[in-house]
Protein chains: 2
Amino acid sequence: MNIGEASSASGVSAKMIRYYESIGLIEAPGRTQSNYRVYGSDDVHTLRFIKRARTLGFSVEETAKLLELWRDKTRASADVKAVATQHIDELETKIAELQGMVRTLKHLADCCGGNDRPNCPILEDLAAGPNSHKGHH
Amino acid sequence: MNIGEASSASGVSAKMIRYYESIGLIEAPGRTQSNYRVYGSDDVHTLRFIKRARTLGFSVEETAKLLELWRDKTRASADVKAVATQHIDELETKIAELQGMVRTLKHLADCCGGNDRPNCPILEDLAAGPNSHKGHH
DNA sequence: TATAGAGTTTCCCATCATGGGAAGGTCAAT
DNA sequence: ATTGACCTTCCCATGATGGGAAACTCTATA
């Protein structure tokens with residue numbers, strides 16, 4: 001199977017398949033006489049694993065760790081869970097951060113007339129800094 | 001005021017101040033005879049504005065737009081609100097995406113023994129794809 | 001069989017915002 | 001005069017991805 005087929009079978013772009021090979025996430029596959037990469041169904045399986053991990057927000061590095069555990073049939077599920085749990089923590093930290101931004105912005109947007117006049121609490125906040133609207137509600 | 005002072009007064013690193021200048025987000029300041037950049041309190045004010053906008057998750061491009069509106073005393077607050085509202089939407093989309101990941105991962109982690117045995121639903125999900133655990137609860 | 005079009009290869013560049021670090025110039029205090 | 005802290009410019013790196021060029025290969029069709 002050529003890289004194009006492996007790509008459509010796995011959902012990973014050909015570009016990224018080559019990239020994953022270049023950083024050592026996947027092994028270099030065999031080549032045809034004409035230097036084309038040749039993949040088998042195991043490779044596609046691995047690529048799908050990677051795709052799924054990336055979709056769940058794992059970094060490439062975390063994905064490498066998960067791949068390693070996947071291949072290690074003597075792994076302890078606790079090790080996998082630890083990777084997942086840490087990732088959940090990272091995601092939740094990020095979510096909280098974004099929610100903080102949204103909270104502030106919504107408050108400011110609510111206070112902004114959104115009309116033709118220039119007066120705007122959003123710009124006032126940006127100009128004055130994070131504490132300017134404390135106690136205003 | 002030297003760049004170092006402007007940096008500590010604004011919370012923007014000297015490196016970033018130079019970068020913002022290079023991309024045209026801020027204007028090039030005057031220079032001393034010895035080629036040092038010289039900033040005034042207006043510049044610090046602008047840098048703080050930028051810092052605050054970045055802290056609220058606006059991209060540099062969005063920040064440029066906000067700066068422009070800030071300087072335009074005849075702006076319509078609706079224009080500012082539009083920028084903010086669009087950013088809120090982007091943030092909420094991102095949050096929903098991350099929450100989806102967390103939801104899936106928490107479910108998988110809950111189903112994982114987290115012990116010494118290799119059996120692990122997290123890896124099974126990664127290997128089998130997004131639909132493998134449908135209807136399992 | 002020749003040619004066209006699609007697929008593949010490697011290589012370089014760009015993104016976005018930020019930091020690291022080198023080499024060299026400048027300033028202020030001892 | 002020396003030292004240490006500051007400034008300057010320039011290049012490089014990040015993470016994950018895409019774009020594109022130049023050259024090669026394969027397959028189908030005319």
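Reminder, nothing fancy here: chain letters follow the sequence lines and each chain counts from 1. Atom set for the values below is all heavy atoms of this structure, side chains included, hydrogens, waters and symmetry mates excluded.
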Handout entry: Euclidean distance, atom CG of residue A/Asn35 to atom C1' of D/dT25 [Å, nearest integer]
Key = 10 Å
Practice task
Provide, to the nearest angstrom, the distance between the CD1 atom belonging to A/Ile23 and the C1' atom belonging to D/dA13.
Solution key: 15 Å
Exercise for the section: Looking at every strand, decide which applies to B/Arg18 at a 4.0 Å heavy-atom threshold: base, sugar-phosphate, or nothing. Expected result: base
Practice task
Look at all strands and tell whether A/Arg37 reaches a base, only sugar-phosphate, or nothing, counting heavy atoms closer than 4.0 Å.
Solution key: sugar-phosphate
Would you call [X] and [Y] a side-chain contact if the rule is heavy atoms closer than 4.5 Å?
| X | Y | value |
| --- | --- | --- |
| B/Ile17 | B/Leu47 | yes |
| A/Ser10 | A/Val44 | yes |
| B/Glu124 | B/Leu108 | no |
| B/Arg54 | B/Val12 | no |

Problem - Within residues 39-50 of chain A, residues whose heavy atoms come under 4.0 Å of DNA chain D - result: none
Problem - Parallel, tilted or perpendicular: rings of A/Trp70 and A/Phe49 (30°, 60°) - result: parallel
Fill in the blank from the handout: Assign each of A/Thr32 and A/Tyr19 the nucleotide of DNA chain D bearing its closest heavy atom; nearer the 5' end lies the nucleotide of A/Tyr19
Handout entry: Residues, nucleotides or ligands: over 12 heavy atoms within 6.0 Å of A/Gln99 CD
Key = yes
Handout entry: Heavy-atom neighbours of A/Asp116 CG exceed 12 at 6.0 Å
Key = no
Handout entry: Residues A/Glu92 and B/Lys106 bridged, charged N to O under 4.0 Å
Key = yes
Handout entry: Phosphate-side-chain proximity, A/Tyr36 and D/dC24, N/O vs OP1/OP2 below 4.0 Å
Key = no
Completion exercise
Residues of residues 2-15 of chain B with a heavy atom under 4.0 Å from any atom of DNA chain C, listed by number, are B/Ser13, B/Lys15
Handout entry: Considering all heavy atoms, the nearest A/Glu21-A/Ala28 contact
Key = OE2-CB, 3.5 Å
Completion exercise
Taking every heavy atom of A/Ser77 against every heavy atom of B/Cys120, the minimum-distance pair comes out as CB-CB, 3.9 Å
Handout entry: OH-CG distance between B/Tyr20 and B/Leu67, expressed to the nearest 0.5 angstrom
Key = 10.5 Å
Completion exercise
So the contacted stretch of DNA chain C, first to last nucleotide with an atom under 4.0 Å from a non-hydrogen atom of chain B, runs from C/dA17 to C/dC27
